[in-house]
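One structure is given below, encoded as structure tokens.
Throughout, protein chains are lettered first and strands after them, A, B, ... in sequence-line order, and every chain is numbered starting at 1. Quantities reported herein were computed from a predicted structural model and do not represent experimental measurements.
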Amino acid sequence: MLHSVRNDDFIYVTFHVTKFGQFIRGSTMFDIKAIRDNPAEFDAAMKRRKLEAQSPKILELDEERRSVQTELQVIQAERNEKSKEIGTIKKSGGDAQGAMDAVSALKDKMATLEEKDKEIGEQLKTLLSSLPNIMKDDVPDGADEEDNVEIKKWGEPKNPNGANKAPEHYEIGEALGMMDFETAAKLSGSRFVLLSGPLARLERALAQFMLDTQTEKNGYIECSPPLLVNTDVMYGTGQLPKFQDDQFETTDGRWLVPTAEVVLTNIVREEVVEAETLPCRYTAFTPCFRKEAGSAGKDTRGMLRQHQFYKVEMVAVTKPEDSDAEHERMLKCAEGILEALEIPYRTVVLCSGDTGFGARKTYDIEAWMPGQNAYREISSCSTCGDFQARRMNARFKAKGDKNTQFVHTLNGSGLAVGRCLIAVMENYYDPTDGGVFVPEVLKPYMGGLEKIVKG
RNA sequence: GGACAGAUGGCAGAGCGGUUGAAUGCACCGGUCUUGAAAACCGGCAUGGGUGCGAGCCCAUCCAGGGUUCGAAUCCCUGUCUGUCCGCCA
């Protein structure tokens with residue numbers, strides 16, 4: 001349920017998350033003026049998202065609301081004027097009863113209009129907050145992941161076509177005695193894993209290496225953020241209200257972050273930052289929590305798809321004109337990790353049917369996984385334009401400039417640690433003894449260990 | 001968890017029922033002065049929305065929500081956050 005609590009176009013909304021009585025505040029996701037000026041363009045953008053034309057309903061509500069507001073404002077102006085008169089009369093000791101009665105008489109009408117305005121605002125907000133971002137023109141059309149377009153391939157995949165298929169990561173890990181799904185299931189249920197010994201350390205080494213690279217080499221600021229966030233924040237990056245079912249919610253109305261993107265991006269929420277401080281680049285190594293509600297039966301074996309996994313995330317906040325270049329830069333920062341680890345990968349541009357709700361354009365990096373004989377997603381780098389910024393009311397201002405503008409936000413995995421662990425295990429597997437070589441760049445993080453072997 | 005005290009423009013900080021959208025200072029912008037700069041002086045400077053070709057006019061906003069009132073930044077209730085003290089605890 002959505003309740004608008006202001007009667008202006010910059011709708012502040014309280015979004016009742018039922019039992020907790022929590023609120024979400026944020027502006028509309030789209031420039032309603034732009035929709036008003038060019039509804040056809042907006043409808044075309046939604047059509048690419050496989051949605052029917054949205055502008056007729058939006059504009060109908062918008063028009064209705066504005067007419068109610070105009071009517072209301074006339075009465076409010078009258079009230080304000082009369083009340084001032086009463087003040088003057090009373091000051092000079094006169095009798096203001098007549099004027100007071102007149103203002104009282106306006107009250108019913110005002111209450112009715114206010115109620116109506118609120119109701120229409122709710123409807124409009126409900127509608128708008130569930131519409132996806134407008135994609136960039138250069139996003140290829142397509143139905144699903146089959147239509148994503150490969151733009152880069154790096155490295156030589158081992159055993160392509162499965163000539164002698166390598167074991168899958170869970171076979172390797174279980175054989176080593178360092179990857180235990182049964183115990184994890186006992187502790188937590190399905191889609192959890194217990195790593196131990198050098199394999200647990202390898203995961204930590206990967207994270208350390210990624211974090212050091214993103215901070216020291218690529219200039220991201222390391223953050224150690226809260227992992228439990230409020231409803232406003234989840235709304236800001238677009239997880240709510242539409243994807244509530246994918247999220248873990250606490251009993252006191254907070255949410256476990258599904259990705260550090262949520263916290264890092266919201267650092268600038270409700271801020272007006274100075275233009276000179278942009279771009280802001282943040283990175284964090286955090287656990288991520290996801291219900292994986294819609295993926296029953298998918299990737300059930302192994303640790304590819306878990307309710308909890310580690311990820312090093314990159315977030316950038318830029319001026320509008322810089323976001324495209326920043327997107328390319330971020331992609332390179334992610335790809336650089338796989339190159340340093342010498343793991344073959346390919347990069348694809350997601351097609352219109354596969355691009356996420358909040359993204360204007362997304363690159364996926366897929367690492368080669370010999371055990372599956374396939375490239376699998378290991379990073380996703382998206383540019384969101386001002387979509388999240390509008391939801392968060394995150395703006396910037398140039399020095400000397402009177403007006404504020406919405407910032408642009410970008411996010412990318414740099415990389416998903418759990419999946420990267422899988423890639424390392426399968427790519428560095430030694431069939432002669434079932435061990436896993438430690439990649440060169442990780443050795444310093446492994447205390448100089450060369451190879452993980454059973455024992 | 002208990003007891004107080006707060007929350008006002010980019011920041012600091014007055015106001016505590018009636019032309020207060022809000023004093024003042026800092027910051028910022030324009031100008032005067034100066035060889036240039038600083039200082040000094042003069043002027044400007046909140047946000048969102050509606051309406052108009054436009055100068056403008058109108059509405060809303062002083063943490064959020066609700067209430068009292070002809071009228072609320074100011075009074076009352078609830079929530080959130082911050083500070084201080086006490087208790088508890090990794």
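Ranking B:U51, B:G49, B:A60 by closeness to the A:Arg66 side chain, first place goes to B:U51. Closest to the A:Gln76 side chain, of the nucleotides B:G66, B:G50, B:C59, is B:C59.
Atoms CG (A:Asn80) and P (B:G50) sit 19 Å apart, rounded to a whole Å. Residue A:Arg36 contributes atom CZ, which lies 12 Å from atom C1' of B:U51 at whole-angstrom precision. With rounding to whole Å, A:Lys397 atom NZ is found 14 Å from B:G48 atom C1'. With rounding to whole Å, A:Glu276 atom CD is found 17 Å from B:G10 atom P. Between A:Asp117 atom CG and B:G49 atom P the separation is 15 Å, expressed in whole Å. Put simply, CD on A:Glu81 is 14 Å from C1' on B:C59, counting in whole angstrom units. A:Arg395 places its CZ atom 7 Å from the C1' atom of B:U47, with the value rounded to the nearest Å. The nearest whole Å value for the distance from the CD1 atom in A:Ile35 to the P atom in B:G49 is 14 Å.
Rounded to whole Å, the P atom of B:G43 lies 25 Å from the corresponding atom of B:U35. Using P as the reference atom, B:G50 and B:G2 are 45 Å apart when rounded to the nearest Å. Atom name C1', nucleotides B:G15 and B:A23: the rounded distance is 8 Å, in whole Å. If you take atom P in B:C85 and the same atom in B:G44, they sit 45 Å apart, rounded to whole Å. Of the C1' atoms belonging to B:C11 and B:A46, the separation is 13 Å, rounded to the nearest Å. Spacing of C1' atoms, B:A72 relative to B:A22, comes out at 13 Å, to the nearest Å. Only the C1' atoms considered, B:C28 is 36 Å distant from B:G79, to the nearest whole Å. Remark: the separation of the P atoms in B:G52 and B:C16 is 41 Å, to the nearest Å.
B:U35 is unpaired under the Watson-Crick or G-U wobble criterion, no partner having all donor-acceptor distances under 3.5 Å. Under the Watson-Crick and G-U wobble criteria, each requiring two contacts below 3.5 Å, nucleotide B:A5 is paired to B:U82. Summarising the base pairing, B:A12 is matched to B:U24 through a Watson-Crick or G-U wobble pair whose two defining distances lie under 3.5 Å. With a cut-off of 3.5 Å on both pairing distances, the Watson-Crick or G-U wobble partner of B:G30 is B:C42. As the counterpart of B:C89, no nucleotide is assigned, since no Watson-Crick or G-U wobble pattern has both distances under 3.5 Å. In a base pair of the Watson-Crick type (N1 to N3 plus N6-O4 or O6-N4) or a G-U wobble (N1-O2 and O6-N3), with each distance short of 3.5 Å, B:A73 is matched with no nucleotide. Across all strands shown, nothing is found opposite B:G52 as a Watson-Crick or G-U wobble partner with both distances under 3.5 Å. In this structure B:U19 sits in no base pair that meets the Watson-Crick or G-U test at under 3.5 Å.
Checking A:Asn80 against A:Gln76 by side-chain atom types alone, no donor-acceptor pair falls below 3.5 Å.
Along RNA chain B, the nucleotide nearest to A:Val272 and the one nearest to A:Ala77 differ in position, and the one closer to the 5' end is contacted by A:Val272.
Partner A:Lys361 forms a side chain to side chain donor-acceptor pair (under 3.5 Å) with one of A:Asp138, A:Thr383, A:Thr355 and no other, that one being A:Asp138.
Aromatic ring centroids of A:Tyr282 and A:Tyr220 lie 6.0 Å or more apart. For A:His307 and A:Phe289, the gap between ring centers reaches or exceeds 6.0 Å. Checked against a 6.0 Å centroid threshold, the rings of A:Phe387 and A:Phe357 count as neighbours.
The phosphate of B:G48 (OP1 or OP2) has no side-chain N or O of A:Arg390 nearer than 4.0 angstrom.
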Salt bridge (Lys or Arg N to Asp or Glu O under 4.0 Å) evaluation trace for A:Lys82 with A:Glu78: CA-CA 6 Å; A:Lys82 288 246 167 69; A:Glu78 192 181 338; 3.2 Å; yes

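The side-chain heavy atoms of A:Val417 and A:Phe285, taken from C-beta on, include a pair separated by under 4.5 Å. Residues A:Met178 and A:Leu195 have side chains not in contact (no heavy-atom distance under 4.5 Å, counting atoms from C-beta outward).
With A:Asn133 contributing its side chain and A:Gly358 its backbone, the two residues share a donor-acceptor pair below 3.5 Å.
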Write down the protein N/O and nucleotide N/O pairs, taken from nucleotides 67-71 of chain B, whose separation is under 3.5 Å; answer none if there are no such pairs.
| unit_1 | atom_1 | unit_2 | atom_2 | d |
| --- | --- | --- | --- | --- |
| B:C70 | O2' | A:Ser83 | OG | 3.2 |
| B:C70 | N4 | A:Lys90 | NZ | 3.4 |
| B:G71 | O4' | A:Ser83 | OG | 3.2 |

